[in-house]
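Below is one structure, written out as structure tokens; the observations come after it.
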Amino acid sequence: MKDPHEFMAAVRGTALDGHTVEEGPAGTFVVEGLDSDALLPLWHAARAAVPVTGRWPVITGLEDTVDLDREPAPEECAAFAAAARTLDPWAVFTERPDFEAWQVTSYLDACLGPDAGRRDDPRLAGITRRGLDRWVYDHMLADPALAARGIARGAMLTSTRGWHSETDAHLVLLPTPAQWLTPLWLSYHGAGRDQGHEALGAAILEWEQRWGAQLVASWGTMLQFLASRPPTDPEDAWELAGQLMAVGGSLQHQQWELALALPRGDAWFLHCRP
């Protein structure tokens, strides 16, 4: 839709009814004056209308955008789309650095509690950080009591209860129905690397196709998604947790915590700050 009034007509009778929609920069529409306690219902209303409006909604602040002085040219969009369809995002978003050897014991004590038998496992010799996380994850899967503690620790990353919101939030309606093109307009600190924005688009496309993930909000250093098909297989959950932590490099959790929580939630919170 090119006319904000057409959009307002399309959402009549929804949670957005009565909100003023105005033309924003770079071909966007913007809805201001949002109730910070009702952001998700407003997003749902705009999302349900995407087949009619052709505009993907994202909750954000206008300061968290990219190049909103102009709308991306069609050839820029085409080049970005081609890159996002072919790029391996996990070659761009790298894993966290390994632990030092002396950190392994304190890490295991914090995760599993003191247990010399576990720490004497020969598989721990020279283990990488990812390998250690996986070792803990396997122990959690085999011990329901331990797993319950891990699930509780990771639950905040898989629920909307702890989602960030702002009193001056805007609902930005992008001039595309394809959510994986949103990095053309929206800034995310974690994508500030070579091919980072294209890799983020590729990741969003992969998550959409595999997990039914939908980008709801972008706050510059934070991304918030809903997922309609969360993983049910422990191996799938482990793989997805590693991907989310690669994009959300500032999450204060371990991969095993997130992997345990993902099958039990339908929301994702990613964070990468300077």
Side-chain angles (χ1 to χ4, degrees), residues 1 4 7-66 68 155-191 200 204 207-208 211-230 244 247-248 250-251 261-262 265-273:
M1 288 183 171
F7 185 94
M8 292 169 65
V11 297
R12 191 168 293 129
T14 74
L16 278 168
D17 198 353
H19 287 77
T20 300
V21 182
E22 299 181 346
E23 290 188 10
T28 65
F29 292 168
V30 179
V31 187
E32 300 182 359
L34 306 181
D35 181 352
S36 60
D37 294 324
L39 294 179
L40 200 51
L42 296 173
W43 179 87
H44 275 298
R47 170 64 185 93
V50 168
V52 175
T53 66
R55 290 178 171 269
W56 189 269
V58 183
I59 301 166
T60 187
L62 285 183
E63 69 277 8
D64 300 320
T65 52
V66 175
L68 283 192
M156 67 168 293
L157 300 180
T158 57
S159 167
T160 62
R161 291 191 300 272
W163 270 14
H164 176 80
S165 64
E166 296 180 3
T167 56
D168 60 347
H170 299 74
L171 185 63
V172 177
L173 307 160
L174 303 176
T176 177
Q179 62 162 332
W180 51 280
L181 297 181
T182 57
L184 281 165
W185 287 270
L186 300 178
S187 174
Y188 175 61
H189 178 73
L200 179 58
I204 294 174
W207 294 338
E208 174 187 331
W211 309 116
Q214 301 181 78
L215 178 63
V216 175
S218 174
W219 304 104
T221 62
M222 293 170 282
L223 298 174
Q224 293 164 185
F225 292 84
L226 293 177
S228 61
R229 300 186 301 274
L244 295 176
V247 178
S250 297
L251 295 177
L262 279 170
D266 60 359
W268 305 343
F269 173 81
L270 305 185
H271 190 197
C272 187
R273 62 176 181 266

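Within the 4.5 Å cutoff, side-chain heavy atoms of Asp17 are placed close to those of Arg12. You'll find the side chain of Leu223 stays beyond 4.5 Å of the side chain of Ile204, heavy atoms only. Side-chain contact check for Val31 versus Leu42: every heavy-atom pair is 4.5 Å or farther apart. At a threshold of 4.5 Å between non-hydrogen side-chain atoms, the residues Leu226 and Leu40 count as touching. At least one side-chain heavy atom of Tyr188 sits under 4.5 Å from a side-chain heavy atom of Cys272. No side-chain heavy atom of Val172 sits less than 4.5 Å from a side-chain heavy atom of Trp185. Looking at heavy atoms from C-beta onward, Leu244 lies in side-chain contact with Leu262 at the 4.5 angstrom threshold.
Between the side chain of Ser159 and the backbone N or O of Met156 there is no donor-acceptor pair closer than 3.5 Å. The closest donor-acceptor contact from the side chain of Ser250 to the backbone of Arg273 lies under 3.5 Å. One N or O on the side chain of Thr60 and one on the backbone of Ser218 form a donor-acceptor pair closer than 3.5 Å.
Note that CG of Leu16 is 10.0 Å distant from CE of Met8, once rounded to the nearest 0.5 Å. Interatomic distance, CH2 of Trp219 versus CD1 of Ile59, reported as 6.5 Å (0.5 Å rounding). The CG atom of Leu171 sits 8.5 Å away from atom CG of Leu39, with the distance rounded to the nearest 0.5 Å. Remark: Leu270 CG to Thr221 OG1 distance equals 11.0 Å, nearest 0.5 Å. Atom CE of residue Met222 and atom NE2 of residue His271 lie 5.5 Å apart, to the nearest 0.5 angstrom. Atom-to-atom distance recorded for Glu32:CD and His19:NE2 is 11.5 Å, nearest 0.5 angstrom.
Across Glu208 and Gln179, no two heavy atoms sit closer than the pair OE1-NE2, 3.0 Å. Minimum heavy-atom separation, Val30 to Thr28: CG2-OG1, 4.0 Å. Heavy atoms only, all atoms of each residue included: Ala267 and Trp163 are closest at CB-CZ2, 3.8 Å. Taking every heavy atom of both residues into account, Arg229 and Gly212 meet most closely at NH2-N, 3.1 Å. Nearest heavy atom pair, residue Gly265 against residue Pro230, reads O-CB, 3.4 Å.
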Show me the donor-acceptor pairs, under 3.5 Å and distance only, between side chains in residues 44-58 and residues at least two apart or in other chains.
unit_1: Arg47; atom_1: NE; unit_2: Gln214; atom_2: OE1; d: 2.4
unit_1: Arg47; atom_1: NH2; unit_2: Gln214; atom_2: OE1; d: 3.4
unit_1: Thr53; atom_1: OG1; unit_2: Ala49; atom_2: O; d: 3.2
unit_1: Thr53; atom_1: OG1; unit_2: Arg55; atom_2: N; d: 3.3
unit_1: Arg55; atom_1: NE; unit_2: Met1; atom_2: O; d: 2.9
unit_1: Arg55; atom_1: NH1; unit_2: Gly27; atom_2: O; d: 2.9
unit_1: Arg55; atom_1: NH1; unit_2: Leu173; atom_2: O; d: 3.0
unit_1: Arg55; atom_1: NH2; unit_2: Met1; atom_2: O; d: 3.0
unit_1: Arg55; atom_1: NH2; unit_2: Gly27; atom_2: O; d: 3.1
unit_1: Trp56; atom_1: NE1; unit_2: Leu215; atom_2: O; d: 3.0

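Of the residues Trp207, Trp43, Trp180, the one that meets the ring pair (Phe, Tyr, Trp, His ring centres under 6.0 Å) test with Phe225 is Trp207.
No more than 12 heavy atoms of other residues, nucleotides or ligands sit less than 6.0 Å from atom CZ of Arg161.
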